[in-house]
Amino acid sequence: GRTGNGFIGRQWRGPDITEQIDDSYVVAAQKPDDWVHYAGVAEPPPTSEQVQLWLLNSVSAGVSYFDDIIWIAVPA
């Protein structure tokens, strides 16, 4: 909500979970008053085998939430 400062990001990793390959954001520094639908297309780097999705609530005393995350494979 207005008091949160939400970022939704993803981090691509190699076969070893500690090997970070790349990261990017779908949403950065948003403060919506109500639930909002966000969507993005992510092309995995060639050497990635895993992805982590995260919600950051940066520099904020408020709250941010996310729910119902769906990953859909899109043919190249």
Side-chain angles (χ1 to χ4, degrees):
R2 284 183 239 154
T3 60
N5 194 30
F7 294 71
I8 299 173
R10 58 192 162 235
Q11 187 172 77
W12 300 100
R13 296 181 174 268
D16 177 354
I17 194 69
T18 63
E19 179 191 358
Q20 179 183 339
I21 296 171
D22 190 23
D23 58 39
S24 60
Y25 292 94
V26 176
V27 175
Q30 296 298 305
K31 300 177 182 186
D33 292 333
D34 205 353
W35 284 101
V36 177
H37 175 261
Y38 295 107
V41 175
E43 185 174 343
T47 58
S48 68
E49 293 188 15
Q50 304 177 58
V51 64
Q52 289 183 336
L53 183 72
W54 69 83
L55 172 67
L56 303 175
N57 190 28
S58 179
V59 190
S60 170
V63 297
S64 293
Y65 301 98
F66 70 165
D67 196 3
D68 298 331
I69 304 301
I70 299 170
W71 294 90
I72 300 170
V74 178

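Just so it is clear, the values below take in all heavy atoms, side chains as well, and ignore hydrogens, waters and symmetry mates.
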Can you measure from [atom1] ([X]) to [atom2] ([Y]) and round to the nearest 0.5 angstrom?
X     : Y     : atom1 : atom2 : value
Ile69 : Leu53 : CD1   : CG    : 5.0 Å
Thr47 : Asp22 : OG1   : CG    : 9.5 Å
Ser48 : Gln11 : OG    : CD    : 11.5 Å
Ile21 : Glu49 : CD1   : CD    : 8.0 Å

**Minimal non-hydrogen separation, Gly14 against Gln50, with atom names** =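 Where Gly14 meets Gln50 most closely, the heavy atoms are O-NE2, 3.0 Å.
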**Heavy-atom pair of closest approach, residues Pro45 and Trp12** =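 Between these two residues, the closest heavy atoms are CD-CG, 3.4 Å.
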**Request:** Please answer: with hydrophobic residues joined when any side-chain heavy atoms are less than 4.5 Å apart, are Trp71 and Val41 in the same cluster?
**Result:**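 Cluster IDs for Trp71 and Val41 differ.
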